[in-house]
2 protein chains.
Amino acid sequence: MLDHTDMLILDELSKNSRLTMKELGEKVHLTGPAVSTRVAKLEDSGVIEGYTVKVNQVKLGCPIHAFITIFTQSTYHQPYLAFIKTEEQHIIHNYKISGEGCYLLECRFPSNEVLNHFLTALNEHANYKLSIVIDK
Amino acid sequence: MLDHTDMLILDELSKNSRLTMKELGEKVHLTGPAVSTRVAKLEDSGVIEGYTVKVNQVKLGCPIHAFITIFTQSTYHQPYLAFIKTEEQHIIHNYKISGEGCYLLECRFPSNEVLNHFLTALNEHANYKLSIVIDK
DNA sequence: TTGTTTGACTTTATTAATGAAAGGAGTTTG
DNA sequence: CAAACTCCTTTCATTAATAAAGTCAAACAA
């Protein structure tokens with residue numbers, strides 16, 4: 001199981017996953033090799049699923065961040081699921097949910113024009129409610 | 001501005017941000033020092049905001065993933081905002097939104113008991129609609 | 001108590017990566 | 001054309017990662 005030091009390691013890596021093992025070791029009061037074997041165990045056990053980068057999407061030309069609650073028109077979800085597979089460049093997550101709607105779709109768009117086009121196409125497979133993120 | 005190589009770099013780092021500059025260089029057909037200066041520029045310009053780790057929350061004992069649409073009872077949001085500041089351990093994001101509700105709250109909980117307790121406390125400051133994530 | 005095993009760590013030494021400096025090729029600018 | 005600039009490669013000194021060996025303390029059995 002995970003002890004306090006493992007939690008500290010996860011905490012430091014979530015703040016900066018490019019720390020060297022030496023730097024990480026200093027932060028959690030271990031040597032490089034010791035912290036390195038702990039990190040390897042966290043990876044092997046699946047607690048650490050991977051390492052990624054936080055990218056500023058606005059600077060990349062994708063300022064519109066939307067959540068779309070999906071109501072599929074029939075009990076047959078396949079047309080909707082096939083549709084979003086064709087729109088992967090806009091989709092961050094497609095959560096299957098219980099509660100209001102069948103899915104909650106998190107997306108990014110470069111402009112209202114592109115969003116509008118997306119919604120028109122989406123509407124052939126599902127009804128929706130749109131929420132635009134104003135601030136995080 | 002960003003060219004094709006920069007996009008490749010962001011793509012590779014989002015798949016694995018712990019690549020060495022040498023490995024990253026091989027993937028985008030550059031030498032270590034060349035890719036290193038490009039990454040430094042992406043950091044300085046704010047395109048890269050940071051590096052983080054993907055943690056399996058289920059293995060960490062937090063299997064319940066919820067989206068909560070918030071309807072504050074008055075136009076005065078402060079009591080709600082103050083409340084969620086006291087519940088930071090459960091909150092992943094608090095998005096201010098346009099559309100249905102005032103905020104969309106993304107949270108994690110270890111159990112239904114804890115979620116229930118959270119909702120009861122939340123209800124003193126706001127109404128809500130709850131969606132539980134079943135699958136990603 | 002004594003000896004053995006186990007697990008987690010440190011130390012050491014080798015291998016590999018980083019980062020700074022120098023230099024070259026291609027492009028832009030006066 | 002020449003100067004300046006950008007972006008890259010090469011080289012080398014410094015620093016980190018990794019594998020192997022050794023240390024230490026806790027748990028357990030005789």
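The sequence lines fix the lettering, A, B, ..., with proteins before strands; numbering per chain opens at 1. Every value quoted in this text rests on a predicted model; they were computed, and no experiment measured them.
- One N or O on the side chain of A:Lys59 and one on the backbone of B:Ser45 form a donor-acceptor pair closer than 3.5 Å.
- Whole-Å rounding puts the A:Leu24 CG to C:dC9 P distance at 12 Å.
- Of the listed residues (B:Phe83, B:Phe71, B:Tyr80), just one forms a ring pair (Phe, Tyr, Trp, His ring centres under 6.0 Å) with B:Tyr103, and that residue is B:Tyr80.
- To the nearest angstrom, C1' of D:dC8 lies 9 Å from CZ of B:Arg38.
- A 6.0 Å sphere centred on NE2 of B:His117 holds no more than 12 heavy atoms belonging to other residues, nucleotides or ligands.
- No salt bridge links B:Asp11 with B:Lys27; every basic N to acidic carboxylate O contact stays at or beyond 4.0 Å.
- Within residues 25-35 of chain A, the residues having any heavy atom closer than 4.0 Å to DNA chain D are, in order of number, A:Pro33.
- For B:Arg108 (side chain) and B:Gln57 (main-chain N/O), no donor-acceptor pair under 3.5 Å exists by modelled atom type.
- Across the protein-nucleic acid pair, B:Glu43 atom CD and C:dT18 atom C1' stand 14 Å apart, rounded to whole Å.
- Within the 3.5 Å criterion, the main-chain N or O of A:Gly32 finds no donor-acceptor partner in the side chain of A:Ser36.
- The nearest whole Å value for the distance from the NZ atom in B:Lys22 to the P atom in C:dA16 is 8 Å.
- Between the CG atom of A:Leu19 and the C1' atom of C:dT18 there is a distance of 15 Å, given to the nearest Å.
- In this structure, CE of A:Met21 is placed 14 Å from C1' of C:dA17, rounded to the nearest angstrom.
- Judged purely by atom type and a 3.5 angstrom limit, A:Asn16 has no side-chain atom pairing as donor or acceptor with the backbone of A:Leu13.
- At a non-hydrogen distance threshold of 4.0 Å, nothing from residues 1-16 of chain A comes into contact with DNA chain C.
- Here the side chain of B:Arg18 pairs a donor or acceptor atom with the backbone of A:Leu19 at under 3.5 angstrom.
- Residue-level contact check: A:Ser36 touches the backbone only, with heavy atoms under 4.0 Å from sugar-phosphate atoms and none from bases.
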